[in-house]
Amino acid sequence: MTQVLITAAELAGRLDSGARTAVLDVRWSLGGPHGLAAYEAGHIPGAVFADLETELAVPVQPGSAEEAAGGRHPLPAEDSFEETARRWGIDDGDPVVVYDDSAGQSAARAWWMLRDAGVADVRILDGGLAAWTRAGLALERGREVPALGGVHLSGPHLPRVDADAAAALPGQGGLLLDARAPERYRGEVEPVDPRPGHIPGAVSAPTSGNLAPDGTFLPADALRERYAALGAVAGRDVAVYCGSGVTAAHDVAALAIAGIDAALYPGSYSQWSRDPSRAVATGDEESTGDGETGASDSVGTMSRGARA
């Protein structure tokens, strides 16, 4: 099984040994300050800043046709992403380590994109920057500008679904997971997208449930138990979405640690909720474990088209 994680001690050992390793700092938060300032104030030695908004996505204007078509963080074209990866200094065969300051929530996007583009060895720093500093390891200030790399990217190599496939999956015996916070899934709050709620038939699987109290991923056995309880079992098709295809990759990574392959819906709810032909559900749904979803006592309503 492909390794998903690397510990702070393992990464420090690689860097101290001089083993070639590309390290990407992917600090980002929805609606928060740009991660570059925090990166320049202190980052893992040799790490290059990866801008999620402009390098791990195609920038789109709010309310634009491009946003409606692809969601808030559309994936860049293969040739554009290859140019970006070369600017990060990545060469063919380089191991890559990605980290952030949010327990892998944004670093997982870089992990998924690089794996999808054919980079064989990509690891998420388990516990992120907090694990590094907790271990007493040094930080550097300023900005790293690496020599241009020569990596060749290809793909796609990882499974993905579009809106039609996401809509059909629950009724075809598959499992569609929603990685957002439970209150967004239920439709109680919606800070950025037009209509609150979730894709009908989806089961709530917030990324916070992948983590131990210290921000590291739960052990593989615990993740298998978590996702089995949600209906992710051997032989069942699984796909994950979130708000805009960023944090869904965290669930995909957790499922990979548990030994379960899962597809990503890149457009996610930001694309779905902007399409007036797509129905939206509110309240709770729970997996029955047999390919169906059952309504709990707190299920609300299903709406179509109307904007919140």
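The basis for the numbers below is simple: all heavy atoms, side chains too, and nothing from hydrogens, waters or symmetry mates.
- In this structure a side-chain-to-backbone donor-acceptor pair under 3.5 Å is present from H152 to G150.
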TODO: Test side-chain hydrogen bond (donor to acceptor under 3.5 Å, both in side chains) on Y269 and E190 and set out the steps.
DONE: CA-CA 11 Å; Y269 195 70; E190 181 44 63; 5.9 Å; no

Open item on the list: Run the side-chain hydrogen bond (donor to acceptor under 3.5 Å, both in side chains) test on N210 and Y227 for me, step by step, so that the C-alpha distance in whole Å, both residues' side-chain angles and the decisive distance to 0.1 Å come before the verdict.
Closed with: CA-CA 9 Å; N210 298 327; Y227 282 102; 2.6 Å; yes

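- More than 12 non-hydrogen atoms from other residues, nucleotides or ligands lie less than 6.0 angstrom from CZ of R134.
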- [ ] Go through the steps to decide whether H43 and E144 satisfy the test side-chain hydrogen bond (donor to acceptor under 3.5 Å, both in side chains), and finish with yes or no.
- [x] CA-CA 10 Å; H43 57 265; E144 186 80 16; 4.9 Å; no

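- R278 is listed as a side-chain neighbour of R195, based on a closest heavy-atom distance under 4.5 Å.
- Atom CG of L176 is separated from atom CD of E285 by 9.5 Å, given to the nearest 0.5 angstrom.
- Note that CG of L125 is 8.0 Å distant from OG1 of T7, once rounded to the nearest 0.5 Å.
- Atom CG of L218 sits about 9.0 Å away from atom CD1 of I257, to the nearest 0.5 Å.
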Open item on the list: One pair to check against side-chain hydrogen bond (donor to acceptor under 3.5 Å, both in side chains): T216 and D126. What are the steps and the verdict?
Closed with: CA-CA 5 Å; T216 59; D126 198 14; 4.7 Å; no

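- With 3.5 Å as the limit, one finds a donor-acceptor pair spanning the side chains of Q105 and T207.
- By the rule that hydrophobic residues join a cluster once side-chain heavy atoms approach within less than 4.5 Å of another member, L177 and L223 end up as members of one cluster.
- Contact check on D221 versus R226 returns no salt bridge, with no Lys/Arg side-chain nitrogen under 4.0 Å from an Asp/Glu carboxylate oxygen.
- Closest heavy-atom contact between D193 and S273: CB-OG, 3.6 Å.
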Task: Verdict with supporting geometry, E188 and T282, side chain to side chain contact (heavy atoms under 4.5 Å, CB included) - done: CA-CA 8 Å; E188 295 164 2; T282 57; over 6 Å; no

Open item on the list: For a side chain to side chain contact (heavy atoms under 4.5 Å, CB included) check, start with the C-alpha distance between I199 and Y265, then their side-chain angles and the critical distance, and finish with the verdict.
Closed with: CA-CA 12 Å; I199 298 174; Y265 172 18; 3.9 Å; yes

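- Interatomic distance, L56 CG to L24 CG, rounded to the nearest 0.5 Å: 8.0 Å.
- Remark: R87 engages E55 in a salt bridge, criterion side-chain N to carboxylate O under 4.0 Å.
- Linking ILVMFWY residues whenever their side-chain heavy atoms come closer than 4.5 Å, directly or via other members, leaves V23 and V119 in distinct clusters.
- Under the 4.5 Å side-chain heavy-atom criterion for grouping Ile, Leu, Val, Met, Phe, Trp and Tyr, L52 is connected to I124 within one hydrophobic cluster.
- The minimum heavy-atom distance linking W132 with A8 is given by the pair CZ3-O, 3.8 Å.
- Panel note: side chain D178, backbone R180; a donor-acceptor pair is recorded below 3.5 Å.
- L36 places a side-chain heavy atom less than 4.5 Å from the side chain of R143.
- Between L264 and P266, the closest heavy-atom pair is O-CD, 3.1 Å.
- For the pairing with R109, the side chain to side chain contact (heavy atoms under 4.5 Å, CB included) check across V26, T247, L75 returns one residue only, L75.
- We find that E67 and R72 are not joined by a salt bridge, their nearest charged nitrogen and carboxylate oxygen being 4.0 Å or further apart.
- One finds the CG atom of L5 at 12.5 Å from the CG atom of L11 (value rounded to the nearest 0.5 Å).
- Between P182 and S204, the shortest heavy-atom contact is CA-OG, 4.3 Å.
- Salt bridge present: R20 and D91 bring a charged side-chain N and a carboxylate O closer than 4.0 Å.
- Between F49 and H34, the angle of the ring planes lies from 30° to 60°, which puts this pair in the tilted group.
- Two residues are said to be in side-chain contact when any heavy atoms from C-beta on lie closer than 4.5 Å; V96 and I90 meet this criterion.
- Remark: the backbone N or O of D101 is not paired with any side-chain donor or acceptor of R27 at under 3.5 angstrom.
- In terms of modelled atom types and a separation under 3.5 Å, the side chain of E82 and the main chain of L153 share a donor-acceptor contact.
- Counting only heavy atoms from C-beta outward, the side chains of D261 and V238 never approach each other to under 4.5 Å.
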TODO: Mind running side chain to side chain contact (heavy atoms under 4.5 Å, CB included) on Y99 and D25 for me, showing each step along the way?
DONE: CA-CA 5 Å; Y99 75 91; D25 184 309; 2.6 Å; yes

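- Pairing each heavy atom of V4 with each of A256, the nearest pair is CG2-CB, 3.9 Å.
- Side-chain atoms of W272 come within 3.5 Å of backbone atoms of A279 as a donor-acceptor pair (strictly under, hydrogens ignored).
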Open item on the list: Test ring-ring contact (aromatic ring centres under 6.0 Å, His included) on W28 and H73; report intermediate values, then the result.
Closed with: CA-CA 13 Å; W28 172 86; H73 292 108; 5.6 Å; yes

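- Using modelled atom types, no side-chain atom of R123 and backbone atom of V97 make a donor-acceptor pair closer than 3.5 Å.
- Looking only at distances, no side-chain donor or acceptor of R115 sits under 3.5 Å from a matching main-chain atom of L158.
- In terms of modelled atom types and a separation under 3.5 Å, the side chain of S64 and the main chain of P62 share no donor-acceptor contact.
- Using a distance-only test at 3.5 Å, with no hydrogens or angles considered, no donor-acceptor pair links the side chain of E140 to the main chain of I44.
- Criterion: ILVMFWY side-chain heavy atoms under 4.5 Å apart, direct or through other members. Under it, V48 and I6 are not part of a common hydrophobic cluster.
- Surrounding CG of D162 are more than 12 heavy atoms belonging to other residues, nucleotides or ligands, all under 6.0 Å away.
- Between H250 and the options Y241, F217, W111, a ring pair (Phe, Tyr, Trp, His ring centres under 6.0 Å) holds for only F217.
- Residues L114 and L148 fall into different hydrophobic clusters, defined by Ile, Leu, Val, Met, Phe, Trp and Tyr side chains chained together at heavy-atom separations under 4.5 Å.
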Open item on the list: Pair D237, Q172 - check side chain to side chain contact (heavy atoms under 4.5 Å, CB included), show working.
Closed with: CA-CA 9 Å; D237 290 335; Q172 295 175 339; over 6 Å; no

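- Of all heavy-atom pairs between L175 and G231, the closest is CD2-C, 3.5 Å.
- Salt-bridge annotation for R14 and E10: absent, with no side-chain N of the basic residue lying under 4.0 Å from a carboxylate O of the acidic one.
- Side-chain atoms of R184 never come within 3.5 Å of backbone atoms of V189 as a donor-acceptor pair (strictly under, hydrogens ignored).
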